[in-house]
Number of protein chains: 2
Amino acid sequence: MAQRVGIKDVALAAGVSVSTVSHALSGKGHMRAETRDRVRAVAVELGYTPNRLASSLRQRRTRVIGLVSDSISTTPFATRVVVGVHEAASAAGLQVMMTSTHGDPSVELASLELLASYRVDGVVYAKMFHQTADVPAALLAMPSVFVDALPREPIVPATVPDERQIGRVGTEFLLGQGHRNIAHLSIVHGGPGRDGRVAGFMDAMHAASIENAEGFVAYSDDTSEAYARRARDVLTASPRPTAVFCFNDRAAIGVYHAAASLRLRIPEDVSVVGVDNLELVAETLNPGLTTVSLPHFEMGVWAVRTLVKMIAGEPFAGDTPSVVFQPGVLIERASVAPPGPRVTKT
Amino acid sequence: MAQRVGIKDVALAAGVSVSTVSHALSGKGHMRAETRDRVRAVAVELGYTPNRLASSLRQRRTRVIGLVSDSISTTPFATRVVVGVHEAASAAGLQVMMTSTHGDPSVELASLELLASYRVDGVVYAKMFHQTADVPAALLAMPSVFVDALPREPIVPATVPDERQIGRVGTEFLLGQGHRNIAHLSIVHGGPGRDGRVAGFMDAMHAASIENAEGFVAYSDDTSEAYARRARDVLTASPRPTAVFCFNDRAAIGVYHAAASLRLRIPEDVSVVGVDNLELVAETLNPGLTTVSLPHFEMGVWAVRTLVKMIAGEPFAGDTPSVVFQPGVLIERASVAPPGPRVTKT
DNA sequence: GTAAAATGAAAAATCGTTTTACCGTGTCCT
DNA sequence: AGGACACGGTAAAACGATTTTTCATTTTAC
């Protein structure tokens with residue numbers, strides 16, 4: 001009882017050699033089915049628990065992947081990536097070792113070295129918002145994938161949200177409901193997310209032959225209060241927009257507050273669409289917020305799937321595209337109605 | 001370049017034996033400082049990365065702990081536990097391997113066996129809401145701690161929220177603001193969380209010499225809509241309560257909706273206090289929700305700290321209390337004001 | 001009937017560390 | 001003088017598996 005039972009004990013009890021036990025359990029070498037079954041029976045009877053340390057040491061693979069993220073939960077997005085990674089890893093028979101770096105490069109380096117010392121089979125390198133990032137040298141020593149970040153040099157596969165499509169989808173939904181005078185409430189300090197969504201907004205507006213769409217874009221700081229102030233400007237413009245497409249759900253909160261203070265009803269007087277699909281927010285708002293969900297879960301899944309391929313086969317070769325853009329999908333709730341004086345709430 | 005550099009290569013390059021390298025790097029055996037430094041220098045020069053698999057195999061400890069949870073993110077609480085566990089683990093020089101069981105006992109068993117095969121030094125067993133749970137047999141083989149769950153038999157240390165204190169704190173805050181007619185909106189199907197908070201509510205009311213506090217408790221299903229309906233009943237009672245203490249933030253949302261539909265202002269006409277401190281919700285609501293935060297982060301931290309002690313010393317002995325109750329803390333926002341006709345908004 | 005090939009299982013090497021035992025040499029103590 | 005002990009270091013034995021090699025039997029082929 002003192003020691004755990006090992007392959008050696010099983011061998012002894014079954015009256016065979018340790019190599020035979022190893023083969024029997026892994027089903028590798030050829031052997032009589034009778035022997036195999038007997039060995040396996042003895043193993044479960046003895047309560048044998050394999051030692052993955054020994055196994056990994058010998059096989060030079062651990063079936064563990066690393067996940068280094070600059071945050072595991074300061075935003076719900078990070079959490080979704082984490083969940084996606086875990087689910088896909090679990091499906092592939094992999095465990096994950098997660099480290100959080102708080103965006104500190106020295107912590108990040110330490111994390112990567114730590115993961116290397118555990119000999120993880122690969123690492124998912126995730127950022128918590130869409131950006132361009134350098135590839136840490138330590139990453140090149142092992143299979144790795146970027147998530148929500150574009151490597152400055154295309155030496156590592158990456159996946160990011162298709163911001164332009166996201167901007168288009170949100171806008172097109174409003175256009176489809178008959179809106180023509182649509183404002184876009186965006187942010188002043190922005191990266192690929194901001195630019196892509198603005199571009200997508202323009203795409204959709206132009207495709208609907210609406211001129212001068214640039215004029216409908218307003219820029220704000222990224223806090224609810226700033227959004228609320230800026231939204232007030234937008235909603236007091238003349239002619240007043242019948243719908244607002246927001247950079248994110250926080251901006252949408254700002255619009256709700258501004259609308260409340262202006263005694264405008266949502267969606268009767270103004271429709272609003274967000275981006276993020278923060279469930280807690282979208283469902284807390286009254287009425288529920290229609291919003292475009294960001295593909296963080298999907299990015300996490302994609303990341304470990306391509307990591308698995310890289311681990312198995314050629315390291316980041318041929319058919320693996322360098323970067324894949326994941327689409328967002330529109331989640332309909334109750335914050336959008338056709339424009340016009342008629343109230344269309346069911 | 002083909003192979004990673006190991007302790008052997010360092011030994012060769014430094015002209016010493018592998019045992020000497022091992023001692024030099026770990027600082028264990030006695031040796032001339034000069035030798036030690038030279039070996040270390042060679043190690044960094046060669047870019048030596050220790051192999052924790054080999055080290056763990058030999059030392060019979062991995063510096064990895066397992067975290068098995070029935071969910072990693074279906075609620076923000078689970079996420080907070082995860083963060084607490086990671087932070088405390090990182091501070092103690094431990095890595096964590098997390099598995100999600102979706103509450104399925106067979107998955108749970110598989111998870112525990114998997115973690116055992118990786119020879120984790122211990123495991124944190126977390127549930128996503130306060131409950132009493134059986135101790136899986138597989139857990140007994142290694143140091144382990146329960147989080148947000150009381151083991152049916154006291155053979156494993158555990159930590160849970162101090163529900164009674166939480167109920168008391170929320171209620172006392174309202175009493176302190178001068179409220180006397182306080183309703184408690186609770187849930188019909190409940191476990192320790194429900195009972196504890198109701199008891200805490202009673203405690204506070206009785207301590208304020210308010211009779212018949214039971215009469216102020218209303219029970220609802222745990223959905224926003226049900227809460228809203230029940231809250232309507234509560235807010236149309238006569239005399240109308242001047243404040244509502246809610247079982248959780250979702251119930252508070254229901255109160256907000258009911259208040260809106262009854263044209264009651266918060267906090268001027270009715271004050272509300274929640275429990276959970278779901279930041280996204282509390283800050284989205286208008287006005288911001290005053291609520292009692294649940295100690296999930298702290299429970300995660302406590303769990304790995306006591307796990308560390310168990311791993312180091314005597315397995316769950318003497319001074320370790322069997323279960324510790326973590327207090328909640330009141331987070332003040334804008335949903336509470338003194339009662340009475342006067343508007344006291346600053 | 002014998003050589004060659006296939007089979008089933010055991011023995012030995014290996015993965016990269018840590019740890020124990022040990023070996024000289026020199027110092028200190030009694 | 002002689003034992004104990006510190007020092008600085010090395011060799012070798014673990015740790016618990018997998019994989020390669022070896023070896024003794026059968027089977028198959030001619």
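Each chain gets a letter, A, B and so on, in the order the sequences are listed, and its residues count up from 1. Side-chain atoms are counted along with the backbone in the values below, which use heavy atoms only and exclude waters and symmetry mates.
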When you measure from the side-chain N and O atoms of B:Gln59 to the phosphate of D:dC15, is any distance below 4.0 Å, counting only OP1 and OP2? no
For a quick check of understanding: with a heavy-atom distance under 4.0 Å over all strands, which category does A:Thr35 fall into, base, sugar-phosphate or nothing? sugar-phosphate
Return the value, rounded to whole Å, for the distance between atom CG of A:Asn51 and atom C1' of C:dC15. 13 Å
Over how many whole Å does the gap from B:His30 atom NE2 to C:dC23 atom C1' extend? 13 Å
OP1 or OP2 of D:dA17 versus the side-chain N and O atoms of A:Tyr48: is any pair under 4.0 Å? yes
For the pair A:Thr101 and A:Asp70, evaluate side chain to side chain donor-acceptor pair (under 3.5 Å) and give the outcome as yes or no after the intermediate values. CA-CA 5 Å; A:Thr101 67; A:Asp70 48 0; 5.7 Å; no
Examine C:dA9: is either OP1 or OP2 under 4.0 Å from a nitrogen or oxygen in the side chain of A:Arg32? Give yes or no. yes
To the nearest Å, give me how far apart CZ (B:Arg119) and P (D:dG16) are. 8 Å
So what does B:Ser117 touch, heavy atoms closer than 4.0 Å: a base, only the sugar-phosphate, or nothing? nothing
Length of the CE-P vector between A:Met31 and C:dA9, whole Å: 5 Å
Take the protein atom CG of A:Leu53 and the nucleotide atom C1' of D:dT18, then report the distance between them rounded to whole Å. 14 Å
Heavy-atom distance under 4.5 Å between the side chains of A:Arg119 and A:Ser56, does that happen here? no
Got a donor-acceptor contact below 3.5 angstrom from the B:Arg36 side chain to the B:Met31 backbone? no
May I ask you to verify if any side-chain N or O of A:Arg58 is less than 4.0 angstrom from the OP1 or OP2 atom of D:dG16? no
Do the non-hydrogen side-chain atoms of A:Val145 and A:Trp302 ever get within less than 4.5 Å of each other? yes
Once rounded to the nearest 0.5 Å, what's the spacing between atom OG of B:Ser55 and atom CG of A:Leu53? 9.5 Å
Please report, rounded to the nearest Å, how far the P atom of C:dT19 is from the CG atom of B:Leu57. 12 Å
Length of the line joining A:Arg63:CZ and D:dT18:C1', which is rounded to integer Å: 13 Å
Testing B:His130, B:His296, B:Lys127 one by one against B:Asp148 for a side-chain hydrogen bond (donor to acceptor under 3.5 Å, both in side chains), which residue passes? B:His296
Do any side-chain nitrogens or oxygens of A:Arg60 fall under 4.0 Å of OP1 or OP2 in C:dG16? yes
Can you tell me if the side-chain N/O atoms of B:Lys28 get under 4.0 Å from OP1 or OP2 in C:dT19? yes
Flag the pair B:Tyr125 / B:Ser111 as yes when at least one side-chain heavy-atom distance between them is below 4.5 Å, and no otherwise. no
May I have the distance from B:Glu34 (atom CD) to D:dG8 (atom C1'), rounded to whole angstrom? 12 Å
If you pin A:Ala54 and B:Arg36 to their nearest nucleotides in DNA chain D, which one's is more 5'? B:Arg36
Within residues 16-24 of chain B, those residues having any heavy atom closer than 4.0 Å to DNA chain C are B:Ser19, B:Ser22, B:His23
